[in-house]
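Data first, discussion second: the structure below is written as structure tokens.
Whatever order the structure lists them in is the order used to number ligands and atoms, beginning at 1. The residues of the chain are indexed from 1 along the displayed sequence. Worth saying up front: this structure is predicted, and the values here are computed from it rather than measured.
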Amino acid sequence: MGAERILITGANGQIGSELAEALRNRYGQDHIITTDLRAPAHPDAGPWDILDVLNRKAIEEKFRRYRPTQVYHLAAMLSAVAEQKPLAGWNLNMNSLLSILQASVDLGISKVFWPSSIGAFGPTTPKDQTPQITIMDPTTVYGISKKAGEGWCQYYFGKYGLDVRSIRYPGLISYKTKPGGGTTDYAIAIFHAAKYEQHYTSFLRADTELPMMYMPDAIRGTLQLMDAPAEGLRIRSSYNFAGVSFTPAGLADAIRKFIPEFRIDYKPDFRQAIADSWPHSIDDSFAREDWGWQAGYDLDRMTADMLAHI
Ligand code: NAD
Ligand code: SER
């Protein structure tokens, strides 16, 4: 285990900051190199460097310098922000992935992780218990980039044997860092508002059901997939991955069990159309069968933990 050297891109973000901590606990502080556009919030936590993933030469240079055995490529633009600047979103999400995949082949990186999303599905995808293999017709630039990215991961595995692994994350809920501009971010903002203002105005309608997951589950599942023997992995595009599904109204009810005076109202904005194009719930039976995935947090347990920590 100690021989692993892991480089993370976009490591200062919502997932990267918690994933880096988990990987450092497991492999040792000096074995994890976090990179991003800026210095991390806690620069003493371990080795870090500046890496703009749009600079292909800089990626190669960092791979040569740090000789990582694994790369987690997390830098990306999330759904709501990408709808505001579609070409920049496509450029970042797509070209950085292609650079990471090609540099990994050229420089002999043995394992790559890249996250896809429920955003890769679209309006005609079956919405309830969305199957692993199904219609994918995303209508957002974010979803188009994730669907294409899944195709490229599968291609690099098939053509070059690159051990690239991927998960279609649902909306991730956490309290340690700010979320990065996603459609599911209401489910984080609501906790801060409930605890400190006892009131929240949701940018999604009351009945908008979306697949979500608490961050500790997401980190545990990611490491589980990366640990799994390669020969057992049937999916090289991206695995469906389910936690818990709920609506803004359902989440507000769960919060009221702890803060009875909490009130919510609804002013849907452009993010409603994005959410309406996504699934309600996910069938993750491939992840369960191939690498033993099972979610640990339900809505009430997650709500209690979030309110205790924010
Ligand atoms: P985030 O927005 O919180 O973090 C992204 C990080 O990338 C930021 O720290 C940002 O500074 C960095 N970055 C942006 N442009 C960069 C560049 N040119 N070079 C280097 N770094 C750059 O995102 P996140 O929530 O941590 O998501 C990470 C990955 O997981 C993304 O691929 C995202 O699509 C995927 N994902 C996230 C969620 C979620 O709910 N958070 C759900 C599904 C998929
Ligand atoms: N949480 C992400 C978003 O809303 C889903 O990929 O963009």
Side-chain angles (χ1 to χ4, degrees), residues 7-21 34-41 48-56 58-59 62 71-85 88-97 99-100 112-121 138 140-150 153 166-189 203-204 208 210-215 217-219 221-222 238-243 270-279 282:
L7 186 144
I8 308 175
T9 75
N12 297 353
Q14 189 196 357
I15 300 174
S17 46
E18 299 208 31
L19 188 63
E21 193 183 330
T34 63
T35 71
D36 206 300
L37 291 175
R38 280 170 281 280
W48 60 272
D49 204 345
I50 301 295
L51 173 59
D52 179 350
V53 292
L54 286 172
N55 183 341
R56 190 176 290 220
I59 292 174
K62 303 299 178 198
V71 171
Y72 286 71
H73 175 42
L74 304 182
M77 198 181 289
L78 294 193
S79 59
V81 182
E83 281 313 289
Q84 306 303 317
K85 28 187 180 180
W90 172 260
N91 184 36
L92 175 58
N93 293 2
M94 212 65 269
N95 289 325
S96 69
L97 174 62
S99 296
I100 292 283
V112 175
F113 177 81
W114 170 81
S116 184
S117 160
I118 53 166
F121 297 116
T140 62
V141 68
Y142 178 73
I144 296 169
S145 74
K146 291 299 187 189
K147 181 185 172 194
E150 289 189 14
C153 289
S166 177
I167 283 176
R168 291 173 181 149
Y169 286 133
L172 298 181
I173 295 162
S174 65
Y175 57 84
K176 290 190 182 167
T177 55
K178 281 191 186 158
T183 302
T184 55
D185 290 359
Y186 90 84
I188 299 174
F203 58 76
L204 297 183
T208 310
L210 287 171
M212 302 278 192
M213 185 180 286
Y214 199 32
M215 189 63 88
D217 269 354
I219 300 293
T222 303
S238 191
Y239 275 96
N240 274 10
F241 189 50
F270 73 98
R271 289 168 282 195
Q272 185 67 50
I274 302 177
D276 287 342
S277 75
W278 289 355
I282 299 290

Is there a salt bridge (Lys or Arg N to Asp or Glu O under 4.0 Å) between Glu83 and Arg271? Walk through the geometry before answering.
CA-CA 9 Å; Glu83 281 313 289; Arg271 289 168 282 195; over 6 Å; no
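Of all the heavy atoms in Ile282 and Ile118, the pair that sits closest is CD1-CG2, 3.8 Å.
With rounding to the nearest 0.5 angstrom, the CG atom of Asp36 is 11.0 Å from the CG atom of Asp49. For the atom pair CZ (Phe241) and CG (Asp217), the distance works out to 7.0 Å, reported to the nearest 0.5 Å. Atom-to-atom distance recorded for Met215:CE and Ile188:CD1 is 7.0 Å, nearest 0.5 angstrom.
Tyr72 places a side-chain heavy atom less than 4.5 Å from the side chain of Leu19.
Atoms of ligand 2 found under 4.0 Å from any heavy atom of Ser79, numbered from 1 in the order shown, are 3 (C), 4 (O), 7 (O).
By the 30° and 60° cut-offs, the orientation of the rings of Tyr186 relative to Phe203 is perpendicular.
When the options Thr184, Ile274, Leu172, Ile188 are ranked by their closest heavy atom to atom 2 (C) of ligand 2, first place goes to Thr184. With atom 6 (O) of ligand 2 as the reference point, the heavy atom nearest to it among Ala82, Ala76, Pro170, Ser117 is part of Ser117.
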In a simple table, one pair per line, please give the protein and ligand 1 atom names for every N or O pair closer than 3.5 Å, along with the distance.
unit_1, atom_1, unit_2, atom_2, d
ligand 1, 3 (O), Gln14, N, 2.8
ligand 1, 9 (O), Gly13, N, 3.3
ligand 1, 9 (O), Asp36, OD2, 2.7
ligand 1, 11 (O), Asp36, OD1, 2.7
ligand 1, 18 (N), Asp52, OD1, 2.9
ligand 1, 19 (N), Val53, N, 3.0
ligand 1, 26 (O), Gln14, N, 3.2
ligand 1, 26 (O), Ile15, N, 2.9
ligand 1, 32 (O), Lys146, NZ, 2.9
ligand 1, 34 (O), Tyr142, OH, 2.6
ligand 1, 34 (O), Lys146, NZ, 3.0
ligand 1, 40 (O), Leu172, N, 2.9
ligand 1, 41 (N), Gln14, OE1, 2.9

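Distances between N or O atoms of Asp185 and those of ligand 2 include no value under 3.5 Å. Residue Tyr142 has at least one nitrogen or oxygen atom sitting less than 3.5 Å from a nitrogen or oxygen atom of ligand 2, judged on distance alone.
Contacts with ligand 2 closer than 4.0 Å are made by side-chain heavy atoms of Trp278 only, the backbone lying farther away.
Using modelled atom types, one finds no donor on one side chain facing an acceptor on the other under 3.5 Å when comparing Ser116 with Ser166.
A distance-only check finds no donor-acceptor pair linking the side chain of Thr35 to the backbone of Ile50 [under 3.5 Å].
Regarding atom 4 (O) of ligand 2, its nearest protein heavy-atom neighbour is Thr183 N, 2.6 Å.
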